[in-house]
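Note that ligands are numbered from 1 as they come in the structure, with each ligand's atoms numbered from 1 the same way. All heavy atoms count here, side chains included; hydrogens, waters and symmetry mates do not. Residue numbers count from 1 along this sequence. Please read all numbers here as calculations on a predicted model, not as lab measurements.
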Amino acid sequence: MRGANRCRGHLVILSCALSAGLLAVASPAADAATAPRYSPGAAGAGDPYFPDMGNGGYDVGHYDIRLAFDPASQAIDATTTILATATQDLSRFDLDFQGPLTISRLSVNGQNAAFTRSGAQELVITPPRGLRRGSTFVVSVSYGGVPQKIDDPALGLSGWVTTEDGAVALNQPIGAATYYPVNDTTDDKATYTQTITVPTGLTVLANGEPGPTTTHGRQTTFRWTMNRPMASELSMLAIGRYDVTRGVAAGGLPNITAIGKSIDTKPGQGKVFNQTTAQIIQWESSMYGQYPFDSTGGIIADVGVDYALETQSRPVYDQSTSDVDGDLLAHELGHQWFGDSLTPVHWSDIWLNEGFATYSEWLYQEKFNNVPVQQTFAKAYADEKDWSGKVADPGRDHIFDDLVYNRGAMALQALRTKIGDRAFFRVLTLWPTANRYGNVSTRQFIQFVERLTNRNLDSFFHTWLYQPGKPTL
Ligand code: TRP
Ligand code: ZN
């Protein structure tokens, strides 16, 4: 449809036919006027906190990750195939790929392509011929070695983390490139297939829905598919010895949960974890609108990262974060709407994830533990010592700080007080519904609330989101 629209009218027919590749030979005159000027795609996607993350010039549609893991050597042997569309006439383009992995073969549209690696994470690819804007292309990268996790002083452990009995990959914000070549930016969402081969006896869990599992002697291959758009920071893999519980949430939604076998569990915990997940998904759907993915669940793993992560459709809870009690589940499952289905374009806007996820905890406390949200707010407001920093621009090293989580949730409760319950709960449903599977910004959120309430709330939002200092009530 879009192509047809662009090609309407006489004047544009020639250039349109050219850009669609319909004319094999053009006249020299037309050629001079319309010849593509191929240029390199940008090496970064423009995030001020992570300027090298992501790339320009193309848009990924699908990742097909085929990876074998050998726990004895801790090495992987993988081929990742990426289906993308050029958004400019491309002479070359970058993927993000970091660490010590070695590339053995790289092709674009089936032809070997030249590549170099530059800086910490740029994989610079020059295909044999330029890629026309609008054309789709396939990049296939074969590689192997021992992936190296990221240990960032401010952001903790992420990427490919080996464990006692396998490995867990947690990719927020910049871990994905430790084990697959990727356009590692929040605003290039894509679907995924992960086909993972491990020694028979180990289990593999990942985002989305399981495919067939096939065993050939000592090797077993698992397949997982995420068929809704997913940001790379929300992709996940868990390999190891797991007790898996398969259930269903409301509406027949597959609900797959797993707990690492090495973890000390209470009797029946696997079932409780599965059922609580289902219960919270149902409750949150009643507030936030239809659940955005085709399955749900969660994984309790002994990863040693000390956080839980809202990996798409199936959060991962580090064993150290358990009890894994209801409000943590409410937080990570709340992220499925706020963070996963809706994802900020820039990391400075992460309060749009964490503020709402923390608010989900507050709502959980009210619903299931009789602690009114206003009481939680009042306590947070009274106890907060540090009002420096801006909620909607915390700085690169502070994206996981209380500033974002607590003050983000406080801003939402203050908004609720300001616009009333009726309007506020409409925002909680309509904001994720209107932006389902998309990318969002704080500016958009403010505009959305102002339109919905027909009020100018600029100074309110300025005080709570953009200004350091304790707001007066
Ligand atoms: N975003 C995660 C959550 O709130 C938490 C998280 C991810 C985190 N990476 C981190 C917390 C690093 C501290 C440090 O659910
Ligand atoms: Zn969170």
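Close approach of ligand 1 to His335 (heavy-atom distance below 4.0 Å) involves ligand atoms 3 (C), 4 (O), 15 (O). Close contacts of ligand 1 with Glu332, meaning ligand atoms under 4.0 Å from a residue heavy atom, involve 3 (C), 15 (O). Distances below 4.0 Å separate heavy atoms of Ala308 from the following atoms of ligand 1: 2 (C), 3 (C), 5 (C), 15 (O).
His331 has its closest N, O or S atom to the Zn ion (ligand 2) at the position named NE2. Distances from the Zn ion (ligand 2) to the N/O/S atoms of His335 are shortest for NE2. Its N, O or S atom nearest to the Zn ion (ligand 2) is what matters here, and for Glu354 that atom is OE1.
Taking the ring centroids of Tyr359 and Tyr405, they lie at or beyond the 6.0 Å cut-off. Aromatic rings from Tyr63 and Tyr180 are positioned such that their centres are separated by under 6.0 Å. Two rings, from Trp351 and Phe445, have their centers less than 6.0 Å apart. For Trp224 and Tyr192, the distance between ring centers is not under 6.0 angstrom.
Note that the NZ atom of Lys390 and the NE2 atom of His398 stand 12.5 Å from one another [nearest 0.5 Å].
A pairwise comparison of heavy atoms in Arg396 and Tyr49 identifies CG-O, 3.2 Å as the closest pair.
Residue contacts with ligand 1, taken as heavy atom pairs separated by less than 4.0 Å, do not involve Val305 at all.
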